[in-house]
There are 2 protein chains.
Amino acid sequence: MYTRAAGRPYHHGSLPETLVAHAVELLDEGGAEAVTVREVARRAGVSPSAPFRHYPDRAALLAAVGEAVAMDFGAAQMAAVESADALPFRALGAAFVHYALAHPHRFALLRGGVFGAHRTPAMEEGHRVFVDGITELVVAGQRRGELRQGDAEMIRIAAQALVYGLSQMFVDNYLDASRADALINQVIDLFGLGVLAPDGEMREAAEGV
Amino acid sequence: MYTRAAGRPYHHGSLPETLVAHAVELLDEGGAEAVTVREVARRAGVSPSAPFRHYPDRAALLAAVGEAVAMDFGAAQMAAVESADALPFRALGAAFVHYALAHPHRFALLRGGVFGAHRTPAMEEGHRVFVDGITELVVAGQRRGELRQGDAEMIRIAAQALVYGLSQMFVDNYLDASRADALINQVIDLFGLGVLAPDGEMREAAEGV
DNA sequence: ACATGAATGTGTTCACTGATCACATTGGAG
DNA sequence: CTCCAATGTGATCAGTGAACACATTCATGT
């Protein structure tokens, strides 16, 4: 049973935003499966069916949470690339992994949202901007002669996969989070130079293509 | 209400295995969340509470599913590395991504299982063998002068992150699965050579460390 | 051969969840 | 000031994980 608190007026005023805020809270506490419509309603001090006025179903609520989280993530990435005097790639990669480490459950949601198939139209745009920005950075690096020539899009994808996978490994406790910084730097260095031995036959054969 | 089918004997005989088999079926059909204890019981033709005799709770059943899937995955990886005459890394990476593409839901489960924090003791051993095998391959490559010197463990982690992230991107429909083979090869090539331009200043500075 | 205890399956029940719907309340447009 | 659309409520439904007492069967020792 639910009975409205005495003080609060019948109409909440800004329920959608409040719901999302509490949902993010629950997400951070116990992952997506802990985000139950009822508990969100409970925290908002509202009846169990009230959220359905604003979100057709639980998935829609989670999608709204995904959008909110995506905004926050995007802002963090922007901040990182701007505060980096040099080596923007390293800064971006580190910021990406750090966000995943700081908010593992948000990262899991982003995986299915921003980077997944469940992108809402609103997120589509932000994501495109983000990705295009990175590709731009790659092209600029190529123009300066720093980065290898070739399909910039493909280079971006490889870099993204690397950072993405590294983040996931940390989140899954597969790697020791306390060694995160050192590992990130080593992995990025390796990605810069390549795993093939310098002056080795294999490298020269591959380079000669 | 549930009533036992007329023909079947009271005791099933091999319920645990049957339950896991049906659970894997459900996993492939609709992901982990589609694996409900009741539906598994239903398919096994057994009462809703029967599974709890063999698995203390749903999580334990899913763990058993994880083990079964891990075996299958491990076998696929072994087969790939053995059938590869040369370039075992490429074969391994491709097999990894292909498994993820063929069984996206299994891959998601493995993420939290084999590669995650929820490893059962039984999986721990298999995983160790797998990882040690890869590190061995790296060390062998270094001895032959093919691969760059340095911490073999770190090289393994980087390669794993790359393949892991690439798999996830395909699974999440972030990348076009029909272009998988070409992309895998390009990304692995890039990982071999490194993204820094050959004969560039940045590479020489980094190499000189 | 047979009794008996352990293992396994059944039925029922509970609390919780997502979802729906008729109804209550209220703010704002006219 | 009235009425209506938006918003919140309460009750209810089916499906879920889980616990429990009970039923059935298997296996083991004598």
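Below, read A as the first sequence line, B as the second, and so on, with proteins coming before strands; counting in each chain starts at 1.
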For residues 59-66 of chain A, dump all side-chain donor-acceptor pairs below 3.5 Å to protein atoms at least two apart in sequence or in another chain.
none

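A close approach under 4.0 Å does not occur between any side-chain nitrogen or oxygen of His54(B) and OP1 or OP2 of dA7(C).
At whole-Å resolution of the value, CG in Asp57(B) and C1' in dG17(D) are 9 Å apart. We find that CZ of Phe52(A) is positioned 17 Å from P of dC13(D), with the value rounded to whole Å. Rounded to whole Å, the distance from CZ on Arg53(B) to C1' on dA21(D) is 10 Å. Distance Glu33(A) CD to dG17(D) C1': 12 Å, rounded to the nearest Å. When rounded to the nearest whole Å, the span between CD of Glu17(A) and P of dT7(D) equals 11 Å. Look at CD on Glu39(A): it is 7 Å from P on dT17(C), rounded to the nearest Å.
Side-chain polar atoms of Tyr99(A) and Gln77(A) form no donor-acceptor pair below 3.5 angstrom. Under 3.5 Å, the side chains of Tyr164(B) and Arg111(B) contain no donor-acceptor pair of N or O atoms.
Between Arg156(B) and Asp151(B) there is no salt bridge, since no side-chain nitrogen of the basic residue lies less than 4.0 Å from a carboxylate oxygen of the acidic one. For Glu67(B) and Arg106(B), the salt-bridge test fails: no basic side-chain N is under 4.0 Å from an acidic carboxylate O.
Contact annotation: side chain of Thr36(A) to base of dG18(C), donor-acceptor pair absent below 3.5 Å. In this model, a side-chain donor or acceptor of Ser49(A) finds a partner on the base of dG10(D) within 3.5 Å. Not a single donor-acceptor pair, N or O on each side, falls under 3.5 Å between the base of dG18(C) and the side chain of Arg58(A).
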Taking only nitrogen or oxygen atoms into account, show me every contact under 3.5 Å that the protein makes with nucleotides 13-16 of chain C, one pair per line with its distance.
none

Asp181(B) and His98(B): CA distance, side-chain angles, deciding distance, side-chain hydrogen bond (donor to acceptor under 3.5 Å, both in side chains) verdict: CA-CA 9 Å; Asp181(B) 276 303; His98(B) 278 132; 3.3 Å; yes

